[in-house]
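Here the structure comes first, spelled out in structure tokens, and everything after it is commentary.
Numbering of ligands and ligand atoms starts at 1, following listing order. Because only heavy atoms are used, hydrogens play no part in the values below, and waters and symmetry mates are left out as well, while side chains stay in.
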Amino acid sequence: AGPPIDAAHVPKKLWRHSSMDVCANLEAKNESKVLVLYTGGTIGMMRNENGALVPMANALERMIRKAIHLHDEKYATARFGAGNTHKAPLALPSLGPDAKRILYTIYEYEPLLDSSNMTMDDWINIAKDLRRSYELFDGFVILHGTDTLSYTASALSFMLENLGKTVIVTGSQIPIFEIRSDGRDNFLGALIVAGSYCIPEVCVFFNHKLYRGNRTVKRSNGSLDAFDSPNLPSLAHFGIDVHVEYRSVFRPVTIDRFRVHSILNRNVCLLRLFPSITIQTVRALLHPPIEGIVMQTYGSGNIPSNRLDLIDELRRATQKGVLIINTTQCCHGAVQAIYETGAALLEAGVIPGADMTPEAALTKLSYVLSKDEWDLDTKRQMMMTNLRGELTLPHTTLVKEMELIEALARSLHLSSSEEMDQLKDVLFPSLICSAVKTEDLSKLESLEKYGANLSASDSDGRTPLHVAAGEGRLSVVEFLLGRGASVHSRDRLGNTPLMSAVSGDHQEVISVLVQCGAHLTNGPHTIGEMLCSSAAKGNVKRLTSLMKAGADLNQPDVSNRTALHLAVHHKQDSCVTFLLKNKVLIDKKDDFGL
Ligand code: ASN
């Protein structure tokens, strides 16, 4: 028999077929759940009667169900029941005895689009669908055409505020239905990253590499290596082994929950300078309703210094409140005011765009301009601030090595950086764990400076945040959240840091985690059972913890008994009073009609 389907548990608009309901409501322990939003692109295209590639509706999932590298029919049948196969979630084949099994479900957009046909409205729809499904899945894959993929990935990186889960955008250069296709590997890699790694960014996975989405540009329409990240090395590389550069992962550092900013300002444009560009052309572009322009200038941000007409025109526009961002036409490198020809722009009020790609600068501008709560000065400031890892600030130095570890390495005669990394992997977790337990924030700070990953998990999948939450160390919890620790990582038993805090009844910790977007991930009946057993034992404290963590006090157990049934049956007056005070339903019937 398949798992219970609780239709009330899933948001209405996005859900259309039952594999999504099943996947969303699964109680996943050694499994992780990925939602695939399939928007279109070559990956799912076929040739029409004229030989042109067009998106093909209702074909991709059918094909994937038959692909043995993408779907393990045997596992799915054992997990979801034999009669259920076409409605059940898809299951990736096992990635190894210690790896979580990745279950996924595909939501196909209608109509499927060639990404050249996509607009800002499509970005907003994707962002809203992520909001609707955010709490029900562990990670997300967006299947997308490659032509405007970097625009979508950049825009989403800004619109998804305080993102705590992995979002991977991918597609392919050759349709997945063809014998030779990069679609299979790209899709598989994207699913593996979304289901197995906590990289809380909008990333692009293509040709065995994982990039920060807002750093990518489409560099080729013929090569399978279609994307490049000219100013930031890839975040991960899939070779014989998977190598993730954790130190480069950009993590949210505010104690705030995930939010979607679903408004964009469309009065933006790109202006690529060329020798002898006429002032009329520039004037036409700077005309209202334009509110922001991304200029692509020469070299390190230069314009002709003898074009006073141009500089005056730009100055007039910035004085009227138009935001003008200076980026370079070079594929690689940043805007720097090192020439006289660039300094004039600064003086005219043009904002230096550092090393942002045109796609990132344009979508960031559209996002920043749509923020009504920011005044013009804040908007200017934000364009220069590193919001999602989209630009490199000058003078950021990373202290990479720890002297202590170096000394140890010397005494062990270690020489290669691989051996150093192995030594750190062994030493850091125990040093971090002891610092968490003794609430030694300065030790944690120096460990981080020396390259320790404060989000790394131990062999049981527990992160420093699990330990701090379970021990009730509020200051450490706040410290770790401020350093980008994920509230969503789940240990081997499927528990998040929030559940660790509930198990210890650390209610202040629970509140901070919830404020940061944590939510209960256990299935509804497991929560029901926890509520019922707490009520039966008269444990008001645990009921309060569960309530603070977001549990519905009316949630029944498998026999449809609620906490109130148990509290009354076991004569736990304090629990009855507590439950009634919190307005639980008093007429719910269990399976025995009581
Ligand atoms: N034209 C296609 C698209 O962007 C290109 C691709 O996906 N490879 O949808």
Inset, instruction - Provide, to 0.1 Å, the distance between atom 3 (C) of ligand 1 and the closest protein heavy atom, together with that atom's residue and name. - result: Asp114 OD1, 3.2 Å
Inset, instruction - Please step through side-chain contact (heavy atoms from CB on, under 4.5 Å) for the pair Ile293 and Val268, ending with a clear verdict. - result: CA-CA 6 Å; Ile293 290 201; Val268 289; over 6 Å; no
Legend entry - Min heavy-atom dist Ser172 to ligand 1 below 4.0 Å: yes
Inset, instruction - Return the residue, atom name and 0.1 Å-rounded distance of the protein heavy atom closest to atom 1 (N) of ligand 1. - result: Asp147 OD2, 2.8 Å
Inset, instruction - Tell me whether the centres of the aromatic rings in His261 and Tyr367 are closer together than 6.0 Å. - result: yes
Inset, instruction - Could you tell me the residue and atom name of the protein heavy atom closest to atom 6 (C) of ligand 1, and the distance to it rounded to 0.1 Å? - result: Thr42 OG1, 2.7 Å
Legend entry - Lys218-ligand 1 polar pair, N/O distance under 3.5 Å: no
Inset, instruction - Using heavy-atom distances, let me know which of Gly40, Ser115, Gly171, Ala226 sits nearest atom 4 (O) of ligand 1. - result: Ser115
Legend entry - Pair Asp147 + Lys218, salt bridge at N-O below 4.0 Å: yes
Legend entry - Whether Asp122 side chain and Ile126 backbone form a donor-acceptor pair below 3.5 Å: no
Legend entry - Nearest neighbour in protein (non-hydrogen) for atom 8 (N) of ligand 1: Thr146 OG1, 2.7 Å
Legend entry - Pairing of Lys379 and Asp372 as salt bridge, 4.0 angstrom limit: no
Inset, instruction - Could you tell me if the ring centre of Tyr104 sits under 6.0 Å from that of His71? - result: no
Inset, instruction - Assess the side chains of Glu61 and Tyr107: does a donor N or O sit below 3.5 Å from an acceptor N or O? - result: no
Legend entry - Element-labelled atoms of ligand 1 that are located less than 4.0 Å from some non-hydrogen atom of Gly145: 3 (C), 4 (O), 7 (O), 9 (O)
Inset, instruction - May I ask you to check if ligand 1 and Ser116 share an N or O to N or O distance below 3.5 Å? - result: no
